Amino acid sequence: MTGMGAITPIGNGVENFWQGIRQERIGFGPITRFDAGGYKCSLAAEVKDFDPERYMDKKAARRMELFCQYAVAAAGEALADAALDMEKEDAYRVGCFVGSGVGSLQAMERECGRLSEKGPSRVGPLFVPLMISNMAAGNVSIAYGLKGKSLNVATACATGTNSIGEAFRSIQYGETDACVAGGTEAAVCPIGIAGFAALNALSASTDPRRCSIPFDRDRSGFVMGEGAGIVVLEELEHARRRGARIYAEVLGYGCTSDAYHITSPAEDGAGAAAAMKNALADGGVEPGALGYINAHGTSTHHNDLFETRAIKLAFGDHAKRLRINSTKSMIGHLLGAAGAVEFIACVKEIQEGFLHRTVGLRETEEELDLDYCMESHEEAVPYALSNSLGFGGHNASILLGKME
């Protein structure tokens with residue numbers, strides 16, 4: 001892993017994001033994108049001070065919806081951070097694995113309104129290419145000349161982790177030398193908030209400090225976030241030949257399906273447990289050697305309870321010795337971008353030997369009896385396991401290690 005880029009609710013750019021994590025900054029506040037009066041949920045974790053023209057020209061920005069703009073911005077930072085010079089690379093050996101869970105709900109809202117109010121002839125000619133979720137990968141590849149395998153993974157809230165994992169597999173398989181990978185999302189809009197609220201998935205809290213509280217006994221749902229996380233992965237010898245700085249190593253990747261329910265994780269946690277065990281086995285790391293998990297930790301009742309059961313099932317007695325935290329306690333749930341931004345948090349934690357607190361967590365409940373990092377910890381982090389669990393039963397876990 002040689003480059004990182006991030007657009008998040010607590011800071012744009014990896015260093016701003018990481019300083020936000022260190023400072024326990026929360027990105028929650030009243031929704032500003034539209035009038036949320038009358039909605040069950042009035043808070044979101046919006047990206048602040050984002051000007052697309054800092055990252056791309058005005059004409060290109062006009063031909064992208066917000067989720068694509070976030071992806072192009074984060075990818076540009078990641079490529080610059082990696083110092084990957086595409087003029088010196090075989091562009092057909094550099095892949096682009098950038099996913100989005102939903103694409104542009106804003107484009108759907110806007111054009112459906114035009115259709116109903118003004119008729120079919122007034123639907124915009126760019127509606128489809130603006131809306132479809134693969135356009136994040138398409139726009140990133142166009143912006144930076146990435147001509148290798150280009151893939152849009154759409155596995156709901158597991159999208160970011162699956163995208164990085166599939167890039168890892170592509171490099172292992174030998175079809176790419178390097179990949180730009182991650183997730184992006186921008187779903188803070190009327191239909192996005194109304195839809196998730198109708199599922200009773202969103203917190204109705206009006207207190208920014210008590211709205212996203214993973215593993216807390218008073219948790220009441222997740223808070224919608226937005227942004228993008230993009231990383232550059234390279235085959236080791238490829239990175240060494242060009243003298244790249246290597247932040248961390250991707251060691252293993254595991255995926256399963258609950259085959260259980262369209263929104264609820266499996267109650268016994270068996271699917272998520274299998275994904276975690278598969279990632280560890282893929283990386284050749286014994287469960288007892290792992291000390292830290294960045295949990296999916298959404299702050300919904302079902303996720304936090306069933307993910308806890310999954311961790312206990314995967315690790316047995318060792319579960320009690322694990323440090324577990326949730327980055328969503330500060331940035332909310334970025335849907336398809338969540339796993340990628342949390343992957344970046346894991347890399348920084350490994351680098352700096354620092355595990356952030358699950359901000360807002362005060363008191364757990366009987367079955368939630370693991371170490372959820374009520375306090376931050378300064379300690380060596382040789383391995384990190386990042387979990388993402390998506391609607392439809394998608395379970396993805398990715399294992400990172402300190403580069404020796």
Side-chain angles (χ1 to χ4, degrees), residues 1 95-102 133-134 137 149-176 179 181-185 229-231 233 248-285 287 290 293-298 302-303 306-311 313-315 324 333-344 346 383-401:
M1 214 287 297
C96 183
F97 291 66
V98 179
S100 172
V102 297
S133 64
N134 72 296
K149 186 173 185 178
S150 182
L151 191 67
N152 169 53
V153 176
T155 49
C157 308
T159 294
T161 297
N162 279 135
S163 295
I164 295 171
E166 293 304 316
F168 168 62
R169 284 281 183 261
S170 177
I171 292 169
Q172 280 187 319
Y173 189 72
E175 60 187 5
T176 51
C179 289
T184 186
E185 208 78 87
I230 306 290
V231 298
L233 301 185
E249 184 177 12
V250 180
L251 298 173
Y253 171 50
C255 293
T256 63
S257 176
D258 285 339
Y260 171 71
H261 191 272
I262 58 171
T263 58
S264 173
E267 294 184 12
D268 61 0
M276 287 185 267
K277 290 192 286 188
N278 289 349
L280 289 165
D282 189 40
V285 174
L290 184 74
I293 296 175
N294 187 294
H296 189 52
T298 61
H302 281 9
N303 176 89
F306 301 160
E307 188 175 9
T308 293
R309 290 176 181 173
I311 292 168
L313 188 60
F315 292 93
I324 302 162
H333 193 349
L334 276 61
L335 307 182
V341 173
E342 290 156 12
F343 178 97
I344 290 170
C346 287
Y383 302 112
L385 185 69
S386 183
N387 288 341
S388 293
L389 317 176
F391 279 1
H394 302 285
N395 303 304
S397 293
I398 198 158
L399 178 67
L400 297 84

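Just so you know, these numbers come straight off a predicted model, no measurement behind them.
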Under 3.5 Å, sequence neighbours excluded: what are the donor-acceptor pairs made by side chains of residues 265-277?
unit_1: Glu267; atom_1: OE2; unit_2: Tyr260; atom_2: OH; d: 3.0
unit_1: Asp268; atom_1: OD1; unit_2: Ala270; atom_2: N; d: 3.0

Let me know which of Thr161, Asp258, Thr155 forms a side chain to side chain donor-acceptor pair (under 3.5 Å) with Asn395.
Asp258
Could you tell me whether the side chains of His261 and Thr263 share a donor-acceptor contact shorter than 3.5 Å?
yes
Which pair of heavy atoms, one from His296 and one from Ser388, lies closest together, and at what distance?
ND1-CA, 3.6 Å
If you measure from CG on Asn152 to SG on Cys96, what distance do you get to the nearest 0.5 Å?
9.5 Å
CG/Leu385 to CZ/Phe315 distance, rounded to the nearest 0.5 angstrom?
5.5 Å
If I take atom CD1 from residue Ile164 and atom CD1 from residue Ile344, how far apart are they, to the nearest 0.5 angstrom?
7.0 Å
Are any non-hydrogen side-chain atoms of Arg169 and Glu175 less than 4.5 angstrom apart?
no
Atom OG in Ser264, atom CZ in Phe391: separation rounded to 0.5 Å?
9.5 Å
Closest non-hydrogen contact found for Ser150 with Ala137 is OG-CB, 3.9 Å
Ala167 and Leu233 have their tightest heavy-atom pair at CB-CD1, 4.1 Å
Side chains of Leu389 and Phe306, heavy atoms from C-beta outward: is any pair under 4.5 Å?
no
Is the shortest side-chain heavy-atom distance between Cys179 and Ile171 below 4.5 Å?
yes
What are the two closest heavy atoms between Glu185 and Ala337, and how far apart are they?
N-CB, 3.9 Å
Got Leu399 and Leu280 here, is their nearest side-chain heavy-atom distance under 4.5 Å?
yes
Quick check for you: to the nearest 0.5 Å, what is the distance between Cys255 atom SG and Ile398 atom CD1?
8.5 Å
Rounded to the nearest 0.5 Å, how far does OG1 of Thr256 lie from CG of Asn278?
7.0 Å
Minimum heavy-atom distance Phe97-Lys149, with the two atoms named:
CE1-O, 3.6 Å
Can a donor-acceptor pair be found, under 3.5 Å and without considering hydrogens, that links the side chain of Ser170 to the backbone of Glu166?
no
Paired with Tyr383, the side-chain contact (heavy atoms from CB on, under 4.5 Å) test is passed by just one of Leu251, Ile293, Leu400, namely Leu251
Any idea which heavy atoms bring Ser397 and Asn387 closest together, and the distance?
OG-OD1, 2.7 Å
